[in-house]
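Structure record follows, encoded as structure tokens.
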Amino acid sequence: MIRRVFLWAGVVLVVLYAVFPFYWAVNGSLEPQSKLFRTPAQYLPIPPTVQSYRTAFQNESFLLSIRNSVIVAGGTTLLSLAIALLAASALARFRMRGAGVVLAIVLGMTMFPQISVVGALHSLISSLGLYNTLAGLILSYLLFTLPFTIWVLTEFMRALPRELEESAYIDGAAPLQVLWHVLIPLAMPGIATTGLLAFIAAWNEYLFALSFTITENVRTVPVVIAGFTGGGLHEVPWGPIMAASVTVTVPLVVLVFIFQRRLVQGLTAGALKD
Amino acid sequence: MKRVAIVTLCVLAILVGCRRDMTSNSGQVVLRIDADSVATSLAINQQLATEFERKTGAHIEIIKGPASASERLSQYLQYLGAKSPDIDIYQIDVIWPGMLAEHFIDLKPYFTPQELAAYFPSLLDNNTVAGRLVALPWFADAGMLYYRKDLLVAYGYQQPPARWDELGAMAERIQKAERAAGKRDIWGFVFQGRAYEGLTCDALEWQASSGGGRIIEQDGRISVNNPPTIRAFSRARGWIGTICPPGVTTYEEEEARHLFQEGNAVFMRNWPYAYSLANASDSPVRGKIDVTLLPTGGAGHMACLGGWQLSVSRYSPHQREAVEFVRFLASEYAEKLRAVKMSLLPSRMGLYEDKEVAAAIPFLASMKKTFLEAVPRPSNAAGEKYNEVSTRYFQAIHRVLTGSRSAEDAMRELDQTLREVMAR
Amino acid sequence: MISARSRPMSDLERREERTAWMLLIPALLVILLIGVVPLVQTFATSLSDAFMASARPARFVGLRNYAHLVRDREFWVALRNTLVFTFGTVSIESILGLAIALFLNADFRGRGLVRAAVLIPWALPTAVSARIWSYMLVDTYGVVNDLLVTRMHLFPHKVPWMAEPGLAMFSMMVIDIWKTTPFVALIVLAGLQLIPRQLYEAASVDGASRMRQFLSITLPLLRPSILVALIFRTLDALRVFDVIWVVTRGELETESLATYNFRHMIDFRNLGYGSAVSVLIFLVIAVFVSMYVTALRRRGTS
């Protein structure tokens with residue numbers, strides 16, 4: 001019984017740790033800006049005001065950037081998953097020499113600090129004619145979504161039971177058919193996990209988005225929020241920044257809530273399709 | 001930046017660059033200006049752009065950059081390094097002419113001496129590198145001392161402090177008394193103490209006003225390791241934890257303003273922008289504040305020069321038209337509009353006697369004197385190495401402020417470091 | 001999965017290998033394009049004295065940048081700080097992440113909400129969350145001090161979380177652990193799905209306690225997932241930049257390899273030297289990664 005209490009206390013603490021900064025952002029977005037830096041702090045936004053939200057949404061770039069972020073994050077996720085699934089099935093389920101080397105090279109891609117890669121990627125993206133395009137961003141984001149997507153899916157697929165696959169091959173299925181009808185349903189937890197992580201990583205990326213775009217019509221959310229300015233020269237408009245951040249985070253959390261069952265779908269559930 | 005690129009990529013880049021010519025089909029000239037995107041400022045800039053478009057038939061696009069100056073600089077370095085023809089006009093910080101001079105055209109041939117005489121000589125000087133005027137001053141900025149006149153009066157002070165020592169004494173007394181009376185969160189003085197460019201500004205003010213020099217003089221001499229400078233920084237170290245909150249070494253402009261505006265600081269060093277915010281209708285200190293020149297340490301009231309300038313890119317395909325737009329933006333008409341609507345201090349001296357501008361900016365009178373005598377940071381003397389010089393400087397001072405180095409040791413090390421840097 | 005070759009490949013095996021390589025083509029193309037080209041370019045630049053956005057032509061200087069690098073005391077301090085940060089954050093993240101994953105795997109009312117809530121730190125953009133934290137940690141008006149000092153009286157004075165050497169590093173670790181534990185938790189959670197329930201049922205029948213089951217079934221089978229999560233977390237921790245730049249700018253003995261790199265390459269515009277730093281960071285990370293990968297290879301049967 002004591003153990004249970006401790007367990008639940010621990011969980012409550014962890015959830016508070018995870019959620020409090022977000023709660024603080026929500027609180028700050030609903031308070032008038034003049035009250036944000038008052039001591040002692042106000043924990044509940046009473047009376048609440050939506051002025052910060054109004055200011056954030058009046059910024060046309062902000063709404064446009066949400067659309068851009070959806071396209072870029074969605075495109076990056078789909079493309080990463082597609083490429084990674086092909087690669088992972090090859091590395092995990094086929095006998096081939098050099099699988100370790102390939103995995104090492106994939107990892108090697110992601111071992112440079114982002115700032116070192118920006119310059120080189122910039123000239124690459126420009127020479128491909130993709131500068132200031134959403135496609136250019138998607139391509140550059142693969143740099144950091146592919147490595148963990150390939151690795152996690154490879155490890156995942158290595159651990160899957162072989163019976164279903166073998167019977168499919170015996171029935172004369174081609175590799176791609178096996179991938180689509182057998183492996184993907186089995187690997188759904190891994191796919192949901194990496195898809196979610198990739199989406200969020202692409203959604204929140206700042207440096208490449210700032211460096212590879214120049215006009216407002218292709219700017220993404222983090223860049224636009226960083227560009228929020230207040231009325232004065234050095235002023236930082238906290239209220240609208242909090243409002244904008246809350247606005248773009250809530251859909252992500254809702255997305256997770258909707259798909260979270262896929263994350264914990266066991267091996268037995270959903271695997272027995274023929 | 002692309003010097004080491006593979007030849008093929010270079011050729012491709014050039015081809016791609018040619019492809020993206022900025023002139024539209026009808027032959028209309030399109031000018032792109034990378035300017036600050038502060039909300040009201042953007043609206044005014046759009047208005048000015050529209051007027052210019054009507055007059056000349058060119059089309060203006062305003063590119064919005066990051067809010068932070070250092071990020072803006074990184075972006076500019078990318079464009080300029082790639083010799084990008086995409087941006088014609090750059091709004092640059094007062095410390096960038098020295099660093100970016102090679103990328104901008106000389107504006108002197110386009111202006112008569114009379115036209116140039118309208119601007120503050122200190123700003124023109126700042127923007128002239130190796131005899132070339134690489135930027136036209138657009139609006140000016142300088143450090144000021146903010147104070148709570150209600151508190152000063154309550155404790156019997158008729159005038160704000162004229163010397164740094166006086167400020168220290170006043171701040172200590174008022175802070176102690178106010179805390180005893182129940183205001184437990186109040187501090188005496190707040191400034192920009194974080195390890196960033198803003199600290200260079202504040203520290204230069206302490207140093208120069210004590211007669212310690214300007215870090216690097218015009219002739220290249222390094223002046224940091226001298227008694228007045230060491231004294232100035234030791235004095236500042238003494239403030240931390242006594243009249244300044246220990247966290248002041250993490251504060252930028254906004255943190256200082258928040259404290260002051262909530263009534264929790266007696267004195268504040270900040271830029272003019274904070275004035276209208278502190279006097280706004282929702283500010284707890286509305287009507288209780290005033291500004292004055294920064295105190296002296298024995299060698300004059302030194303404010304660090306700030307502000308923004310306009311430059312025309314050497315890689316712009318429309319340099320002549322771009323200069324015309326710059327001329328328009330920095331004209332008396334445009335600067336007055338920006339001063340009245342946004343409280344942006346003009347770079348033209350004539351506007352400091354204008355009644356409408358004075359109505360919009362109550363402390364206008366003291367600013368003219370400030371700008372005429374303001375101390376610039378050594379960006380011209382340091383040239384493209386300015387960032388490194390400034391970084392070593394503010395790092396050294398930050399160590400003094402946080403107590404990890406004595407002022408003597410820090411200045412001795414800094415002197416050596418700066419000599420090495422400049423010798424490279 | 002890679003069997004040792006002690007005889008020539010049969011036709012079937014050759015065909016299998018060919019199919020495998022064909023499936024790998026998209027990934028390899030992308031890697032070549034956006035992975036290898038920048039790497040090579042960075043290495044090439046590190047052998048020159050290139051200066052950013054300057055008309056001065058870059059000259060070949062051989063290994064001079066590297067020589068300066070190993071003699072720069074600040075580099076070694078940055079390396080030390082980075083290792084401290086990495087060890088501190090990754091170890092806590094893995095334990096916390098594992099615990100959270102185990103909990104999220106369980107059946108209880110409201111688990112959907114808790115799963116979504118726990119992901120929030122990862123979902124907030126870093127640029128924003130770093131700012132929110134530094135706003136919460138301001139000594140005079142931040143909410144953390146308001147809670148801990150003004151309301152709960154845990155300390156006598158307001159604590160300058162970001163202004164003292166030890167405290168600053170601690171604060172940054174707290175922020176980073178907050179942000180990245182969900183990543184670990186999610187990957188481990190995925191790994192938990194691979195463990196067949198029958199194993200637990202059989203063990204229960206045999207009378208094994210929960211702790212015993214955890215130690216001999218769960219942990220060994222989770223090893224690959226934990227190691228994968230560790231690899232990527234270590235990779236990221238060794239390259240930590242944002243949280244340090246926002247909280248201390250690298251002062252107070254918190255400079256990391258990435259902030260040192262940024263300073264020299266972008267701030268000081270020493271592209272050649274900065275590229276050498278990047279290469280060295282790459283090598284440091286490669287050392288760590290190879291240790292992990294060896295551990296991964298030595299795992300038991302799946």
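Just so you know, these numbers come straight off a predicted model, no measurement behind them. First the proteins, then the strands, lettered A, B, ... as listed; each starts at 1.
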Bottom line for A/Leu36: the part with an atom under 4.5 Å from chain C's heavy atoms is both
Turns out that what part of C/Leu33 lies under 4.5 Å from chain A's heavy atoms comes down to both
Residue from C/Gly142, C/Ala258, C/Ser290, C/Gly112 scoring the most non-hydrogen pairs under 4.5 Å with chain A is C/Gly112
So, the part of A/Val221 with a heavy atom under 4.5 Å from chain C: the answer is neither
Applying a strict 4.5 Å limit to non-hydrogen atoms, the region of A/Leu146 in contact with chain C is side chain
From the list A/Pro40, A/Gly190, A/Gly10, the residue making the most non-hydrogen contacts under 4.5 Å with chain C is A/Pro40
Here the gap from C/Ser225 atom OG to C/Leu186 atom CG, rounded to the nearest 0.5 Å, amounts to 12.0 Å
Honestly, the part of C/Ile100 sitting under 4.5 Å from a heavy atom of chain A is side chain
Judged by modelled atom types alone, do C/Asp146 and A/Thr39 share a side-chain donor-acceptor pair under 3.5 Å?
-> no
Cut-off 4.5 Å, heavy atoms of chain A, and the answer for C/Ile177 is both
Bottom line for C/Phe232: the part with an atom under 4.5 Å from chain A's heavy atoms is side chain
When the 4.5 angstrom heavy-atom criterion is applied to A/Thr194 and chain C, the contacting part is neither
So, the part of A/Val11 with a heavy atom under 4.5 Å from chain C: the answer is side chain
Max heavy-atom pairs within cutoff under 4.5 Å with chain C, candidates A/Ile225, A/Thr110, A/Ile125, A/Val253, goes to A/Thr110
The interface call for A/Leu142 against chain C, heavy-atom contacts under 4.5 Å, is both
When the 4.5 angstrom heavy-atom criterion is applied to A/Ile115 and chain C, the contacting part is both
Among A/Tyr43, A/Phe144, A/Phe148, the residue with the most heavy-atom pairs under 4.5 Å to chain C is A/Tyr43
For atom CE of C/Met211, decide whether the heavy atoms of other residues, nucleotides or ligands shown that lie under 6.0 angstrom number more than 12. no
Turns out that what part of A/Met188 lies under 4.5 Å from chain C's heavy atoms comes down to neither
message: Under a 3.5 Å cutoff, is there a donor and acceptor pairing between the side chains of C/Thr126 and A/Tyr206?
response: no
Per-residue tally against chain C (heavy atom, under 4.5 Å) across A/Trp151, A/Phe112, A/Trp238, A/Phe37 peaks at A/Phe112
**Asked** How are the rings of C/Trp245 and C/Phe262 set to each other: parallel, tilted or perpendicular (split at 30° and 60°)?
**Response** perpendicular
Hey, is C/Glu17 close enough to C/Arg14 for a salt bridge, meaning N to O under 4.0 Å? no
Okay, A/Leu139 and chain C: the region with an atom under 4.5 Å from a heavy atom over there is both
Under 4.5 Å to a heavy atom of chain A? For C/Val143 that would be both
Rounding to 0.5 Å, atoms CD1 (A/Ile105) and CD1 (A/Ile150) come to a distance of 11.0 Å
Under 4.5 Å to a heavy atom of chain A? For C/Trp133 that would be side chain
Honestly, the part of A/Val254 sitting under 4.5 Å from a heavy atom of chain C is neither
Heavy-atom nearest pair, A/Met157 first then A/Arg93, reads O-NH1, 2.7 Å
Begin with the C-alpha distance, continue with both residues' side-chain angles, and end with the deciding distance and a verdict on side chain to side chain donor-acceptor pair (under 3.5 Å) for C/Ser275 and C/Ser46. CA-CA 5 Å; C/Ser275 300; C/Ser46 75; over 6 Å; no
When the aromatic ring centroids of C/Trp178 and A/Phe20 are compared, is their separation below 6.0 Å? no
So, the part of C/Val174 with a heavy atom under 4.5 Å from chain A: the answer is both
Max heavy-atom pairs within cutoff under 4.5 Å with chain A, candidates C/Ala116, C/Gly274, C/Ala117, C/Ala286, goes to C/Ala116
Closest heavy-atom pair, A/Ser89 versus A/Leu183, reported as atoms and distance to 0.1 Å, is CB-CD1, 4.1 Å
Other residues, nucleotides and ligands only: do more than 12 of their heavy atoms fall within 6.0 Å of CZ on C/Arg151? yes
The side-chain contact (heavy atoms from CB on, under 4.5 Å) partners of A/Asn27 (sequence neighbours excluded) come to A/Tyr23, A/Trp24, A/Glu31, A/Pro45
Note: vs chain C, highest number of non-hydrogen pairs under 4.5 angstrom among A/Leu252, A/Val117, A/Val19, A/Leu107 is A/Leu107
Closest non-hydrogen contact found for C/Leu192 with C/Ala101 is CD1-O, 3.7 Å
